[in-house]
Enquirer: 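Input: one structure, supplied below.
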Amino acid sequence: MSDFANRLLAWFDANGRHDLPWQHPRTPYRVWLSEVMLQQTQVRVVIPYFERFVATLPDVRALANAPIDEVFALWSGLGYYARARNLHAAAKICVERHGGELPRDFDALVALPGIGRSTAGAILAQAWGERFAILDGNVKRVLCRMHGIEGWPGTPAVEKRLWEIAQTQLPDARLADYTQAQMDFGATLCTRAEPACVLCPLQRECVALRQDRVRELPTSKPGKPLPERHALLLLLRDAEDRVLLQRRAQAGVWAGLWSLPEAEDHATARNWFETHIAGDYDAAQALAAIDHGFTHYRFAMQPLEWREVALREGVRDNADLRWIARAELASLGIPAPVRKLLEGRT
DNA sequence: AAGACGGGGAA
DNA sequence: TTCCCAGTCTT
């Protein structure tokens with residue numbers, strides 16, 4: 001066994017996290033769900049979502065049988081909603097092809113939507129103790145520092161090198177603990193800012209520490225100015241104070257989620273309003289603007305509110321356009337900033 | 001190889 | 001503010 005794995009496991013026994021909800025019981029389904037939720041999302045944020053999700057949909061079959069809107073509702077606020085869509089689709093495939101269980105096979109796992117190399121490895125290692133490597137943000141950071149690797153880990157060349165190292169230093173036993181140990185080590189000790197090097201059991205073999213380059217590694221992503229988008233959000237209330245929600249397109253941001261009718265400018269908004277709504281467009285009340293930052297652009301939204309309006313004669317609510325009472329909001333998948341607006345939170 | 005995809009925590 | 005995180009999929 002590599003020295004790295006030995007020291008890491010010893011550290012994990014004394015300092016790792018042994019009480020995460022997906023560890024008890026550590027079933028393949030719960031490991032899978034946790035791994036997908038933890039893609040680009042931190043443990044503290046995931047825990048309440050995970051608890052709620054498994055309480056509602058406790059196994060693969062329950063997930064496969066649930067309507068997608070229920071899955072979106074359970075996911076609402078976590079972001080990257082393709083994860084929820086893929087999870088649902090993968091569960092259906094498991095029912096059709098794998099007897100209602102997650103397959104215990106790397107290639108079969110990677111063939112499922114939403115499961116890539118790292119997540120497949122994490123599932124096999126954690127649920128079954130099989131000898132597979134992972135390579136997430138934590139592992140990348142630890143390996144870049146430990147081996148003094150330069151270059152942004154997002155580039156294919158660096159990533160390839162990191163996978164090779166991750167594979168090479170795999171232990172022969174305790175794969176579940178080893179996998180968890182790497183994550184815990186990166187998340188709690190070898191953190192992005194201010195790692196606790198004085199407490200580190202790997203000081204001796206850490207190139208970055210020896211060369212005093214811990215602060216510079218891993219190399220950060222090359223910066224680029226973010227484009228900015230603007231939109232008007234139409235907050236339409238009827239006489240019963242219900243809100244008109246529209247299902248978003250199946251592609252693009254917030255695909256398939258329920259949101260407010262949206263327009264790029266007033267001309268477009270007025271046109272949509274006049275074809276759908278009985279009311280006075282110019283009676284709109286502007287609410288506080290919402291600025292939402294994405295990874296790839298900035299999104300400035302200006303909500304406009306109307307009260308006591310109705311749909312025009314001949315326009316009915318339908319599968320993609322519905323009046324929603326406040327109490328019903330919780331059961332729908334709604335983008336976080338829109339939910340905040342509708343629920344009156346700050 | 002590069003871009004798309006959400007939201008929140010941390011500094 | 002800015003960075004970036006238990007990544008994967010599409011083009």
Side-chain angles (χ1 to χ4, degrees), chain A residues 16-17 20-23 31-50 72 75-87 89-90 109-123 125-126 133-142 144 152-160 162-163 166 179-188 190-195 215 218-227 229 248-257 259 290-299 301 333-340:
Chain A
R17 291 178 286 199
L20 296 168
W22 41 91
Q23 296 173 319
V31 170
W32 172 37
L33 178 62
S34 71
E35 286 301 327
V36 173
M37 285 186 166
L38 288 163
Q39 289 169 5
Q40 307 295 307
T41 311
Q42 294 171 357
V43 168
R44 202 168 311 156
V45 179
V46 161
I47 287 176
Y49 285 89
F50 177 86
F72 277 146
W75 207 268
S76 184
L78 265 184
Y80 279 125
Y81 295 92
R83 295 185 293 174
R85 184 190 312 286
N86 289 335
L87 202 63
L109 283 173
V110 168
L112 294 172
I115 299 182
R117 180 176 178 180
S118 188
T119 298
I123 292 170
Q126 298 212 270
I134 61 167
L135 189 63
D136 56 33
N138 286 136
V139 178
K140 286 176 179 172
R141 182 173 56 253
V142 172
C144 282
W152 180 51
T155 63
V158 175
E159 188 158 334
K160 182 172 181 293
L162 294 174
W163 270 115
T179 301
Q180 187 64 47
Q182 292 175 92
M183 298 171 179
D184 289 356
F185 184 76
T188 66
C190 195
T191 54
R192 179 166 65 91
E194 309 217 12
R215 198 176 43 80
T219 308
S220 54
K221 179 178 181 164
K224 54 177 189 288
L226 293 180
R229 282 184 44 201
R248 296 179 61 87
Q250 292 301 318
V253 287
W254 299 326
L257 271 65
S259 185
I290 301 169
D291 196 8
H292 191 69
F294 292 106
T295 317
H296 40 305
Y297 62 90
R298 183 169 298 284
F299 193 22
M301 292 166 277
I334 299 171
V338 177
R339 186 181 292 283
K340 281 183 190 171

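Heavy-atom basis, side chains included; hydrogens, waters and symmetry copies ignored.
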Enquirer: Among C:dT2, C:dC9, B:dG7, which nucleotide sits nearest the side chain of A:Y81?
Expert: B:dG7

Enquirer: Using modelled atom types only, decide if a donor and an acceptor are shared between the side chain of A:R83 and the backbone of A:Q39 within a distance under 3.5 Å.
Expert: yes

Enquirer: A:S118 side chain to A:L135 main-chain N or O, any donor-acceptor pair under 3.5 Å?
Expert: yes

Enquirer: Mind calculating the distance between CG (A:N86) and P (C:dG7) to the nearest angstrom?
Expert: 15 Å

Enquirer: Over all strands shown, is A:G186 touching base, sugar-phosphate only, or nothing at heavy-atom distances under 4.0 angstrom?
Expert: nothing

Enquirer: With a cut-off of less than 4.0 Å, is there a side-chain N or O of A:H292 near OP1 or OP2 of B:dG7?
Expert: yes

Enquirer: Could you pull out the protein-nucleic contacts involving nucleotides 9-11 of chain B (nitrogen or oxygen on both sides, under 3.5 Å)?
Expert:
| residue | atom | partner | partner atom | Å |
| --- | --- | --- | --- | --- |
| B:dG9 | O4' | A:Q42 | OE1 | 3.2 |
| B:dA10 | OP1 | A:R44 | NH1 | 2.7 |

Enquirer: When the aromatic ring centroids of A:W75 and A:Y49 are compared, is their separation below 6.0 Å?
Expert: no

Enquirer: Does the pair A:T191 and A:R141 meet the rule for a side chain to side chain donor-acceptor pair (under 3.5 Å), with working shown?
Expert: CA-CA 8 Å; A:T191 54; A:R141 182 173 56 253; over 6 Å; no

Enquirer: Just call it for A:L112: base, sugar-phosphate, or nothing, with non-hydrogen atoms closer than 4.0 Å on any strand.
Expert: sugar-phosphate

Enquirer: Look at atom CD of A:E194 and say whether more than 12 heavy atoms of other residues, nucleotides or ligands are closer to it than 6.0 Å.
Expert: no

Enquirer: Quote, to the nearest angstrom, the P distance that separates B:dG8 from C:dT8.
Expert: 22 Å

Enquirer: Counting heavy atoms from C-beta on, name the nucleotide in B:dC5, C:dC4, C:dT8 closest to the side chain of A:T119.
Expert: C:dT8

Enquirer: Write down the distance between OH (A:Y80) and C1' (C:dC5), rounded to a whole number of angstrom.
Expert: 9 Å

Enquirer: Think A:H296 has a side-chain N or O under 4.0 angstrom from the OP1 or OP2 of B:dA4?
Expert: no

Enquirer: Quick check: A:W254 with A:F294 (ring centres under 6.0 Å apart)?
Expert: yes

Enquirer: Are A:R117 and C:dA6 close enough that a side-chain N or O sits under 4.0 Å from OP1 or OP2?
Expert: no

Enquirer: Please name the pair of heavy atoms, one in A:Y81 and one in A:F72, separated by the smallest distance, quoted to 0.1 Å.
Expert: O-CE2, 3.8 Å

Enquirer: Under 4.0 Å from OP1 or OP2 of B:dG8: is there any side-chain N or O of A:K340 that close?
Expert: yes

Enquirer: Is any side-chain nitrogen or oxygen of A:W254 closer than 4.0 Å to OP1 or OP2 of B:dG7?
Expert: yes

Enquirer: Quote, to the nearest angstrom, the P distance that separates C:dA6 from B:dG3.
Expert: 23 Å

Enquirer: Under 4.0 Å, heavy atoms only, any strand: does A:S220 hit a base, just the sugar-phosphate, or nothing?
Expert: sugar-phosphate

Enquirer: By the 4.0 Å heavy-atom rule, please label A:E159 as base, sugar-phosphate, or nothing.
Expert: nothing

Enquirer: When the distance from CD of A:E35 to C1' of C:dA6 is rounded to whole Å, what number comes out?
Expert: 6 Å

